[in-house]
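All values derive from a computational prediction rather than experimental measurement. Each chain gets a letter, A, B and so on, in the order its sequence line appears, and its residues count up from 1.
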Amino acid sequence: MHHLSEQEQIRRNKLVELEKAGVQPYPSELFDVTFYAQEILDNYHPELNNFQEVSLAGRLMSVRVKGKASFAELQDASGRIQLYINRDEICPGEDKELYNTVFKKLIDLGDFVGVKGHVFKTMVGETSIHVKELTFLSKSLRPLPVVKETVDEQGNKTTYDAFTDPEQRYRQRYVDLVVNPHVREAFIKRTQLVQAMRNYLNDKGYLEVETPILQPLYGGASARPFKTHHNTLDMTLYLRIANELYLKRLIVGGFDGVYEFSKDFRNEGMSRFHNPEFTQMELYVAYKDYYWMMDLVEEMVERVALQLHGKTEVQVGDNLINFQRPWQRFTMFEAIQHFSGVDISEMDEAALRETAKTLHVPLDPSMGKAKIIDELFGELCEGKLIQPTFITDYPVEMSPLAKKHRSKPGMVERFEAICNGKEICNAFSELNDPIDQRMRFEEQLELAKRGDTEAMVLDEDFLRALEYGMPPTAGLGIGIDRLSMIMTNSNSIQDVLFFPQMKPEKLETTKADKDAAGEE
RNA sequence: GAUUCUGUAGCUCAGCUGGUAGAGCAGUACACUUUUAAUGUACGGGUCCUGGGUUCGAAUCCCAGCGGGAUCACCA
């Protein structure tokens, strides 16, 4: 138990006083809610005389006592609406305790109440609930930050004492959500984004599936995994870094379109674009290739933008991004030529190194040809690609699960979509030649031997599946957090994750902490 | 991981070249029956992130640590 502040102690005292006054601070029975605040604000018209019997519940966010009548604001899941509470209306008889003691003394900002009454407009024109019945629903023992707002004649909002400290906002997201309505909006948009994608994929007839998160071998991406241990089996398990290899097994098994929204885990650095656990949507469709998949991505993302914003344009920082089809398409070489003026498509490693030097792109001596090309692209192009753009045809060395290009030696049939200077998806014609796949895995093993901690591991069972035969397949991975950042104009991944990963704060040690420590 | 900024009341913040800690909101008490950042009067509230050091004296200066933000590097 932490040390109680003066205000917390006062609220605890009020809890006792409420019970003495015969008011349950945490009643059990349901409270029947018939309307949301926003519905009333949107649809109430005095001449229609509508909303004459309403029942709402929520948190009291402000109270202005004016003697025997008071104004308060009730915040429910939809928004805020003003309450008008008149002493003699909620206390029709001789006993005025509900108003004088319970409402005026024992109810605090943040407490949950239910109200019944009718809607009207005050003299200054504010749509309000004329409260006839006030029901106490739940006591709040900690004071919430009090954020105030004014709106001038032009409709410009000025906020006072906004709750802005990022650390507190992320650690106590519940508080952030209560007092910062824009935060709630961003998360609703994220959910709508996922729903729009799911609806799109379901309309196409693809099957949403679930594959293991705890895996004996990790694969499908180049990344370091989290490692854990299963006690009964006494074996090491890894948290998945991607779901690619399991989904392809399902294509082998005869499903011809499968997708999964998956939490993946990568044991790597954190930044405003990286959280240790993040969400991807991966999709695999049989008998298709990467050109087909590009069309799908365009259509799906355009549809997401339309569903979230009602238009294909989305403001992201200083950029207005337009998701309308078709998107620009560049091969990697074309993109580099476009932004640097240099055609590197026929260059060997030495010439590439020379080019990098003249373009001031720093290189590491250990980098091979493919890595240099990737570096050139990353340095010269990626940040400049603001409008959604497909970059196609990557060096084979960097894509061990992608099919070799049908006509360009040394390349694979792969594309990424870049938007606002960042990758939002990665896709390819899937490698389904089991002999080629085995060789690619073996090359990864070589990389690992040379110290590459992110090299892929060889998955015998996956190869066995491929040997039974997998149809030509197009595969896609799309970063949901990244796409959410764009669609909600968020500058940090922490703004699209309810509970971003943080170092533990100093709270009193709990029993669970001690147990966990004891087991190590 | 590097650089840099930052940590003071429940919240948002001031606190200068070191001298017993301040404001607004929130809280408490009183007044006020259509107010709206309600208003008026009075009052209470602090581990100045933690630990060392310098000093007669540290929120302030120095060192170390912890948390957070931003930028950069690796990665989705």
Side-chain N or O of [X] less than 4.0 angstrom from OP1 or OP2 on [N]?
| X | N | value |
| --- | --- | --- |
| A:Gln494 | B:rG68 | no |
| A:Lys148 | B:rA38 | yes |
| A:Arg272 | B:rU71 | yes |

Using a distance-only criterion (donor-acceptor N/O pair, under 3.5 Å, no hydrogens), is the base of [N] paired with the side chain of [X]?
| X | N | result |
| --- | --- | --- |
| A:Gln7 | B:rG10 | yes |
| A:Glu126 | B:rU35 | no |
| A:Glu6 | B:rG44 | yes |

Legend entry - With A:Asp374 via side-chain contact (heavy atoms from CB on, under 4.5 Å) - residues at least two apart: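 Checked A:Asp374 against side-chain contact (heavy atoms from CB on, under 4.5 Å); matches are A:Met332, A:Lys371, A:Met398.
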
Legend entry - Under the side-chain contact (heavy atoms from CB on, under 4.5 Å) test, residues paired with A:Tyr238 that sit two or more places apart: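 Listed in chain order: A:Tyr218, A:Pro225, A:Lys227, A:Thr236.
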
Legend entry - A:Phe330 ring center within less than 6.0 Å of A:Phe390 ring center: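 No - the distance between ring centres of A:Phe390 and A:Phe330 does not fall below the 6.0 Å cut-off.
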
What's the closest nucleotide to the side chain of [X] if the choices are [options]?
| X | options | value |
| --- | --- | --- |
| A:Arg171 | B:rG67, B:rG27, B:rC74 | B:rG67 |
| A:Glu423 | B:rA76, B:rU35, B:rA73 | B:rA76 |
| A:Ile493 | B:rU35, B:rG67, B:rA76 | B:rA76 |
| A:Phe120 | B:rA76, B:rU28, B:rU34 | B:rU34 |
| A:Asn86 | B:rU33, B:rG27, B:rU35 | B:rU33 |
| A:Val65 | B:rG68, B:rG27, B:rC32 | B:rC32 |

Pairwise N/O distances under 3.5 Å, protein to nucleotides 20-22 of chain B:
none

Distances for protein N/O vs nucleotides 12-15 of chain B N/O pairs under 3.5 angstrom?
residue: B:rU12; atom: OP1; partner: A:Asp165; partner atom: N; Å: 3.4

Watson-Crick or G-U counterpart of [N], or none if no pair lies under 3.5 Å:
| N | answer |
| --- | --- |
| B:rA29 | B:rU41 |
| B:rC11 | B:rG24 |
| B:rC61 | B:rG53 |
| B:rU35 | none |
| B:rG1 | B:rC72 |

Inset, instruction - Name all pairs fulfilling the salt bridge (Lys or Arg N to Asp or Glu O under 4.0 Å) condition that reach into residues 89-104 of chain A, sequence neighbours left out, sorted by first residue then second. - result: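 Salt bridge (Lys or Arg N to Asp or Glu O under 4.0 Å) check on residues 89-104 of chain A returns A:Asp88-A:Lys96.
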
Inset, instruction - Answer yes or no: are there more than 12 heavy-atom neighbours, outside A:Lys357 itself, under 6.0 Å from its atom NZ? - result: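 It does not: A:Lys357 NZ has 12 such atoms or fewer within range.
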
Distance check, [atom1] atoms only: [N] and [M], in whole angstrom units.
| N | M | atom1 | answer |
| --- | --- | --- | --- |
| B:rG15 | B:rA59 | C1' | 8 Å |
| B:rG24 | B:rG45 | C1' | 15 Å |
| B:rU4 | B:rC16 | C1' | 23 Å |
| B:rU36 | B:rA26 | P | 14 Å |
| B:rU6 | B:rC49 | P | 13 Å |

Inset, instruction - Before accepting this row, confirm whether a basic side-chain N of the pair A:Glu277/A:Lys263 lies closer than 4.0 Å to the acidic partner's carboxylate O. - result: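 A salt bridge is present here (some side-chain N lies under 4.0 Å from a carboxylate O).
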
Legend entry - Test: A:Arg80 and A:Glu149 ion pair at under 4.0 Å: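 A salt bridge is absent here (no side-chain N lies under 4.0 Å from a carboxylate O).
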
Legend entry - Modelled atom types, side-chain donor and acceptor of A:Asp393 and A:Tyr290, under 3.5 Å: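 Judged by distance alone, the side chains do pair up.
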
Inset, instruction - Scan A:Arg169, A:Arg190, A:Arg272, A:Arg184 and name whichever one has a salt bridge (charged side-chain N to carboxylate O under 4.0 Å, His left out) with A:Asp495. - result: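 For A:Asp495, the salt bridge (charged side-chain N to carboxylate O under 4.0 Å, His left out) check succeeds only for A:Arg169.
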
Legend entry - By ring pair (Phe, Tyr, Trp, His ring centres under 6.0 Å) - contacts of A:Phe112 (at least two apart):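 Scan of A:Phe112 (ring pair (Phe, Tyr, Trp, His ring centres under 6.0 Å), adjacent residues dropped) gives none.
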
Inset, instruction - Would you say whether A:Phe71 stacks on B:rA38? The test is a distance between ring centres of less than 5.5 Å and an angle between planes of less than 30°. - result: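 Taking the rule of under 5.5 Å and under 30°, the ring of A:Phe71 does not stack on B:rA38.
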
Legend entry - Face-to-face contact A:Tyr160 to B:rG24 six-ring, under 5.5 Å, under 30°: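 Answer is no, no stack.
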
